[in-house]
Amino acid sequence: EEERAEARGYVDQYKELRETIQNGRAYTLQSADETGREALQYVRGDEAVLFMFNVYNTLPRRTTAAAASQNIKLKGLDPDANYVISNGSYGSYTGKTLMTIGLPWSLDKEMTSAMLVLRKGKNLMSKASVKSVSSEYKGNLGVNILDGNPTTFWHSDWTGDHKHPYEIVIDLGASLEANGFYYLPRQNGPNGRIAQYEMLVSEDGETWSEPIGKGEFNSSPSEKNVRFEQPVTGRYFKLRILSEINGGSYASIAELGLF
């Protein structure tokens, strides 16, 4: 059942990106025949999708180690625009940087793959911090949601009598316009993965809006991207976690941010 849920998550993720992949301009950035790595990119409007595949680590005989260690240089981007990479721990870059310097190859094992989604826009998370959490367990603190490391995570305190809802508040450092948020579930197990949720916004961190986004996530470990019905401006964003995928009384998050 968990494998089926994971597969459903990947299907949902593909549906979000289908227009770019099917109708965008396609680029082959690297070929496995040359470096043992395959990199494909699709660009459509303000969005780009990058697929990376580590086919094998043993390099073809004609490939130099220097060539294999090079960054992946993207194509077809707006050189003057800022691109935010909503998944992974890369951050944001100008189109010029992505096309002339590129991104580091993030895979180090054979037969592994990764997907990165890039969107034009300001990096809202550059000065972000965690303002508050309603519960946290030592070693799995709230600050982990902003560390750019998918292997660390925040976890609610699972000792004693704790239950939903849980709340975690992000301070962007200034009032900024956001189009949505991304949530990466805990990667090393399903405990605490979010089911039902609400997102609220505030200018002062005290008076909160009605939910600007709400719904229910599936149980897969893939990143979830939620777009608001319209852009929302505020300094503080509160994720209210209402339930856990298996009905547990706790919650966890690997990465959380606004875009």
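Here, residue 1 is the first one in the sequence, and each next residue gets the next number.
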I'd like to know if [X] and [Y] make a salt bridge, using a cut-off of under 4.0 Å between side-chain N and carboxylate O.
X      : Y      : result
Asp171 : Lys131 : no
Lys120 : Asp78  : yes
Arg240 : Glu198 : yes

Mind checking whether [X] and [Y] have side chains closer than 4.5 Å, heavy atoms only?
X      : Y      : answer
Arg193 : Pro221 : yes
Lys224 : Asn218 : yes
Thr151 : Asn188 : no
Phe237 : Leu172 : yes
Tyr42  : Tyr27  : no

So, [X] and [Y]: side-chain donor and acceptor under 3.5 Å apart, yes or no?
X      : Y      : result
Trp158 : Asn191 : no
Asp147 : Thr152 : yes
Arg227 : Asn225 : no
Glu203 : Ser175 : yes

Problem set entry | Pair His162-Tyr250, ring pair (Phe, Tyr, Trp, His ring centres under 6.0 Å): steps then yes or no | CA-CA 7 Å; His162 300 277; Tyr250 29 75; over 10 Å; no

Problem set entry | Straight-line distance of Leu118 CG to Thr20 OG1, nearest 0.5 Å |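 Here the rounded value is 11.0 Å.
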
Please work out whether the ring planes of [X] and [Y] are parallel, tilted or perpendicular, with thresholds of 30° and 60°.
X      : Y      : answer
Phe217 : Phe181 : perpendicular
Phe53  : Phe51  : parallel
Tyr166 : Trp154 : perpendicular

Seminar exercise, completed: When every non-hydrogen atom of His164 is compared with those of Ala251, the smallest separation belongs to NE2-CB, 4.4 Å

Exercise. Side chain of Glu255, backbone of Asn149: donor and acceptor closer than 3.5 Å?
Worked result: yes

Exercise. Should Val226 and Met125 be counted in the same cluster of Ile, Leu, Val, Met, Phe, Trp and Tyr side chains packed under 4.5 Å apart?
Worked result: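 Val226 and Met125: one cluster.
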
